[in-house]
Amino acid sequence: MKKLKAIVLGAGYRGRAYAEYAKEHPDQLEIVGVADPVQAESIPAKKYWSDWRECLDEKPEADLVMITMPDALHHEPALVALKSGYHLILEKPISPTEAECREVIECALAEKRLVVVGHVLRYTRYFAHIKALIDSGELGEVVSIAHQESAGFWKVAHSYVRGNWANSKKSSPIILAKCSHDFDLFIWWIGRKCLKVSSFGSIKLFRREMMPRGAALRCVDCPPAIERRCVWSARNMYVDHDELKYLFADNSDAAMQKLIEETEYGKCVYQSDNDVPDHQTVTMEFEGGATVSHVMTGFTAKNIRTTRIALTRGEIVGDGENLDICRFDDNPVETGVPLNYRLPNRSRHGGGDFNLVSETIRILRRGDPDEIRETTAQALQSHLICFAAERSRLAGGQIVEID
Ligand SMILES: NC(=O)c1ccc[n+]([C@@H]2O[C@H](COP(=O)([O-])OP(=O)(O)OC[C@H]3O[C@@H](n4cnc5c(N)ncnc54)[C@H](O)[C@@H]3O)[C@@H](O)[C@H]2O)c1
């Protein structure tokens with residue numbers, strides 16, 4: 001089988017996660033070039049550029065371009081790459097605006113190129129098992145789904161209060177940045193289109209007026225009596241604990257100290273540049289009448305997704321790691337079948353990152369034009385729900401129909 005050649009545009013956390021696949025499967029994938037102004041050489045390749053445009057201007061010989069740059073640098077590079085004949089692994093969101101998302105997918109369909117959007121959850125064993133159960137038909141048809149995305153109090157502070165996705169004008173609305181994964185699952189599981197959406201959400205806590213009296217603008221300057229009781233203290237999150245260090249290429253003690261003294265990540269969570277909600281709820285109606293309610297909240301201990309799917313002949317309940325499946329016609333009725341899907345943390349996202357790359361390789365090797373077109377076209381649907389939900393939230397929960 002032919003080995004695929006890929007270029008990585010953006011050698012940050014996501015670029016490195018996908019590029020790792022080439023290290024473990026050199027017979028399937030080779031990274032031939034990397035563009036990044038700061039850390040291109042963190043991914044082994046034959047050639048490096050400091051900007052995506054310089055790279056694509058040269059039209060290097062490759063099958064696939066991985067676009068793993070910040071949200072605002074997806075649309076234009078995607079169009080240039082597609083028109084130059086490359087297939088794409090494109091990180092979500094396709095773009096922060098609906099018009100640009102449509103333009104990218106329309107361009108891919110016109111050029112007959114594959115676009116695999118970074119909806120990694122559908123490539124995990126846990127969520128794929130739910131899909132297989134639904135598709136088996138044994139439990140009947142999906143009637144309703146209640147799904148909660150527990151974003152984790154620390155994760156929301158890191159990404160959506162202080163970090164890259166805190167301000168929708170600089171990145172994307174949180175419903176797009178965080179929840180397009182979940183909407184992609186609903187579309188995939190139900191196998192129908194979402195028709196109508198309504199949404200509510202706001203910033204409950206991370207507002208200037210909620211700052212404790214006497215606190216400082218930076219955690220390093222905050223009086224210890226306040227700082228030590230604050231679970232969002234930057235020292236607590238980035239220096240005293242190791243959990244978030246993997247997100248930074250240089251995570252030495254000195255670099256983490258500098259991070260909290262000089263960057264956004266050291267700011268008081270009540271004084272950040274954030275404008276995205278810290279909780280948002282979306283309700284949806286799908287073709288055929290199935291309904292879904294999706295709750296995203298930043299006020300949970302764990303960063304996990306829990307799901308209850310009601311079908312006409314059974315129920316699937318998932319706590320994010322185990323599934324309980326109940327068939328109404330079983331005797332006795334209460335027959336939980338706990339399946340443990342805890343996976344080793346070798347590749348992040350429960351194996352989804354690697355499976356997304358291997359599925360892309362499979363589709364390209366097979367070369368079926370229908371599969372390429374369907375995979376590419378479906379990627380847009382989750383984004384359309386996100387944009388409709390955000391329009392609804394800004395209009396006080398008005399029902400928005402999806403075209
Ligand atoms: N699928 C998922 O679950 C998931 C998770 C996190 C992030 N994301 C998405 O992935 C994308 C990247 O996020 P990340 O966390 O890897 O960010 P990151 O900041 O770690 O990496 C982005 C990289 O792009 C580089 N870059 C910036 N401008 C560039 C240019 N002109 N040319 C080439 N490279 C350039 C930066 O130097 C940086 O190294 C974002 O769109 C984000 O929303 C997806």
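Worth saying up front: this structure is predicted, and the values here are computed from it rather than measured. Atoms within each ligand, like the ligands themselves, are counted from 1 in listed order.
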In the protein, what heavy atom is nearest to atom 21 (O) of ligand 1, and what distance, to one decimal place, separates them?
Gly12 CA, 3.2 Å
Considering only non-hydrogen protein atoms, determine which one is nearest to atom 32 (N) of ligand 1 and report residue, atom name and distance to 0.1 Å.
Trp52 N, 3.1 Å
Return the orientation label for the Phe354 and His25 ring planes: parallel under 30°, perpendicular over 60°, tilted otherwise.
perpendicular
A quick test of your reading: do over 12 heavy atoms of other residues, nucleotides or ligands sit less than 6.0 Å from NZ of Lys245?
yes
Among all protein heavy atoms, pick the one closest to atom 27 (C) of ligand 1 and tell me residue, atom and distance.
Pro70 CD, 3.7 Å
For ligand 1, note which part of Leu247 has a heavy atom under 4.0 Å away: side chain, backbone, both or neither.
neither
Counting only heavy atoms closer than 4.0 Å, does ligand 1 sit against the backbone of His181, its side chain, both, or neither?
side chain
Report yes if the distance between the aromatic ring centroids of Trp232 and Phe206 is under 6.0 Å, otherwise no.
yes
Please step through side-chain contact (heavy atoms from CB on, under 4.5 Å) for the pair Cys179 and Val282, ending with a clear verdict.
CA-CA 10 Å; Cys179 308; Val282 183; over 6 Å; no
Can you find an N or O of Pro37 that's nearer than 3.5 Å to an N or O of ligand 1?
no
Heavy-atom contacts with Gly10 under 4.0 Å: which atoms of ligand 1 show up? List them by number with element.
23 (C), 24 (O), 25 (C), 34 (N)
Nearest-neighbour protein heavy atom for atom 31 (N) of ligand 1, which is reported as residue plus atom name and distance:
Asp51 OD1, 2.7 Å
Return yes or no for this condition: an N or O of Gly15 is under 3.5 Å from an N or O of ligand 1.
no
Counting each atom of ligand 1 from 1 as listed, which ones have a heavy atom of Ala35 under 4.0 Å away?
33 (C), 34 (N)
What protein heavy atom lies closest to atom 9 (C) of ligand 1? Include the residue and the distance to one decimal.
Lys92 O, 3.4 Å
Closest approach of any protein heavy atom to atom 13 (O) of ligand 1, naming residue and atom:
Arg14 CG, 3.7 Å
Considering all heavy atoms of both residues, which atom of Ser84 and which atom of Lys59 are nearest to each other, and what is their separation?
OG-CE, 4.0 Å
Considering heavy atoms of the protein only, find what lies nearest to atom 43 (O) of ligand 1 and give residue, atom and distance to 0.1 Å.
Asp71 OD1, 2.7 Å
From the options Arg208, Lys169, Lys170, select the one residue that forms a salt bridge (charged side-chain N to carboxylate O under 4.0 Å, His left out) with Asp275.
Lys169
Give me the residue, atom name and distance of the protein heavy atom closest to atom 28 (N) of ligand 1.
Leu73 CD1, 3.4 Å
For ligand 1, which atoms, with element, lie under 4.0 Å from some heavy atom of Val38?
37 (O)
Could you check whether any heavy atom of Trp49 sits closer than 4.0 Å to an atom of ligand 1, since that is the contact criterion I want to use?
no
Heavy-atom contact check, 4.0 Å cutoff: does Arg16 meet ligand 1?
no
Report the part of Asp36 in contact with ligand 1, treating N, CA, C, O as backbone and CB onward as side chain, heavy atoms under 4.0 Å; options are side chain, backbone, both, neither.
both
Under the salt bridge (Lys or Arg N to Asp or Glu O under 4.0 Å) definition, can you give me all pairs with a residue in residues 103-119, not counting sequence neighbours?
none
Check whether any side-chain N or O of His279 sits under 3.5 Å from a backbone N or O of Ser202 as a donor-acceptor pair, and report yes or no.
yes
Taking only heavy atoms of His74, which atoms of ligand 1 are found under 4.0 Å from at least one of them?
41 (O)
With a 4.0 Å heavy-atom cut-off (strictly under), which part of Gln39 contacts ligand 1: side chain, backbone, both or neither?
side chain
Using a plain distance cutoff, I'd like to know if Tyr18 has any nitrogen or oxygen under 3.5 Å from a nitrogen or oxygen of ligand 1.
no
Kindly check if the number of other-residue, nucleotide or ligand heavy atoms within 6.0 Å of NZ (Lys131) is above 12?
yes
Between Val117 and Leu356, the two heavy atoms sitting closest are O-CD1, 3.7 Å
What's the shortest heavy-atom distance between Asp273 and Asn167, and which atoms?
O-ND2, 3.0 Å
Which is it for Glu91 and ligand 1 at heavy atoms under 4.0 Å: side chain, backbone, both or neither?
side chain
Please identify each residue that fulfils ring pair (Phe, Tyr, Trp, His ring centres under 6.0 Å) with His147, with sequence neighbours left out.
Phe186, His294
Checking Val120 against Tyr18 for the side-chain contact (heavy atoms from CB on, under 4.5 Å) test, could you report, in this order, the C-alpha distance in whole Å, the side-chain angles of both residues, the deciding distance, and whether it holds?
CA-CA 11 Å; Val120 289; Tyr18 294 132; 3.7 Å; yes
Establish, yes or no, whether the cationic atom of Arg391 lies under 6.0 Å from the six-membered ring centre of Phe387 and within 45° of the ring axis.
no
With a cut-off of 4.0 Å, which atoms of ligand 1 are near a heavy atom of Trp165?
15 (O), 42 (C), 43 (O)
